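The sequence lines fix the lettering, A, B, ..., with proteins before strands; numbering per chain opens at 1. Remember, it's a predicted structure, so these values are computed and weren't measured experimentally.
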There are 2 protein chains.
Amino acid sequence: MKQISTRFSIAVHILCLLAISSTDCTGEFIARSVNTNPVIIRRIVGMLKKAGLVEVRPGVGGASLRKPPDDITLLDVYRAVNATEVDQLFRIHDAPNIECPVGRNIEAVLQTELKEAQFAMEQRLAQTTVGQLVAKFQ
Amino acid sequence: MKQISTRFSIAVHILCLLAISSTDCTGEFIARSVNTNPVIIRRIVGMLKKAGLVEVRPGVGGASLRKPPDDITLLDVYRAVNATEVDQLFRIHDAPNIECPVGRNIEAVLQTELKEAQFAMEQRLAQTTVGQLVAKFQ
DNA sequence: AAGAGATGTAACTATAATGGTTACAACGGT
DNA sequence: ACCGTTGTAACCATTATAGTTACATCTCTT
């Protein structure tokens, strides 16, 4: 099965790093902590910036949080890095045969159920904040 | 973002079809309702068979449910078609820098939270049965 | 026994998302 | 003006998906 991209876990990593750092963090520094390429970090930081979660100082360099860590939920992060046209976790096959009672109804009926399931997942993400995560670090 | 495969929605479609059909359904017939290639149907039916949800009559052809529709939850179907090594919805970036307090702790802390979110989604799927879906068809 | 229709798979293709990389323009302090 | 940083574009390899063709195998019917 195709899993949810590591962009999400890396984004959480970045925000935790910014939360515990007193000074601004450069992409280089973050990349060493995450253990990946700085460009990957810049791309994700760009998404977090667009979502209003962080601010970046161009030229001089360094990112910092725009909100208290306790005001950033995992759902905020999830939404920020999955920025896409569709926000639907589940895909539904399209163009089923409308001459069949199942084909005619399946999409609407399934859509409702699957959105409920996605909502349950998102609400669980909304219960946890970056602040709560960093409090668990030693 | 990468979404969950249409295998899942097609599998639900197939099971609904079997639930309302008095006679066994052939792959050809199902494929016309789903509007796809018969091989796609055979592959998915194979997964459902392996999961014990349907039985197939080889040679003569035709599939049928092995359980009452009310005893098949969407979670059963989800598990059947996502049959894979890992059952984890979220991926976490690996090998972060253990010399960093975030890199050292992020995986364990995040793992816990993300499994909770996945669990919430799955429990919502477990609340709906194939029987409930077909009851909503006109 | 042979044929017809169905299933079970293997093999192949095209498409898309992901994760990584190099390259370079633009920015802003020193 | 220089240097380090950010912001992107472009490209590549890998992987999952969805679809297709092909064919062996199975079971019922004739």
Could you state the CZ-P distance from B/R7 to D/dA18, rounded to the nearest angstrom? 7 Å
What is the distance, to the nearest angstrom, from the CZ atom on B/F29 to the P atom on C/dA6? 13 Å
Nearest-Å distance for atom pair CD1/P, residues B/I30 and C/dT7: 8 Å
Looking at side-chain heavy atoms only, is the closest gap between A/P96 and B/I10 below 4.5 Å? no
Gap between atoms CD1 and P, on B/I41 and C/dA6 respectively (whole Å): 15 Å
Which letter, B, S or -, goes with each nucleotide of nucleotides 3-12 of chain D from 5' to 3', with contact meaning a protein heavy atom under 4.0 Å? -BBBBBBB--
Is the closest side-chain heavy-atom distance between B/C100 and A/L17 below 4.5 Å? yes
B/T6 side chain near D/dT17 phosphate (N/O to OP1/OP2, under 4.0 Å): no
Below 4.5 Å, heavy atoms only, C-beta onward: do B/T129 and B/P69 meet side chain to side chain? no
salt_bridge(A/R124, B/E113) N-O dist < 4.0 Å: yes
From CG of B/D24 over to P of D/dC28, roughly how many Å is that when rounded to an integer? 12 Å
How close or far is atom C1' of D/dC26 from atom CD of B/E55, stated in whole angstroms? 16 Å
Is the closest side-chain donor-acceptor distance between A/H13 and A/S33 under 3.5 Å? yes
Which whole-number value in Å describes the distance from B/N35 CG to D/dG19 C1'? 12 Å
With respect to the phosphate group of D/dA18, does any side-chain polar atom (N or O) of B/S5 fall under 4.0 Å of OP1 or OP2? yes
Hey, does the side chain of A/R91 come within less than 4.0 Å of D/dA18's phosphate (OP1/OP2), counting only N and O? yes
Using side-chain hydrogen bond (donor to acceptor under 3.5 Å, both in side chains) as the criterion, point out the one residue from A/E116, A/E122, A/K115 that pairs with A/Q118. A/E122
Close side-chain approach of A/T6 and B/I92, heavy atoms under 4.5 Å: no
Would you kindly give the CD1-to-P distance between A/I92 and D/dT17, to the nearest whole Å? 17 Å
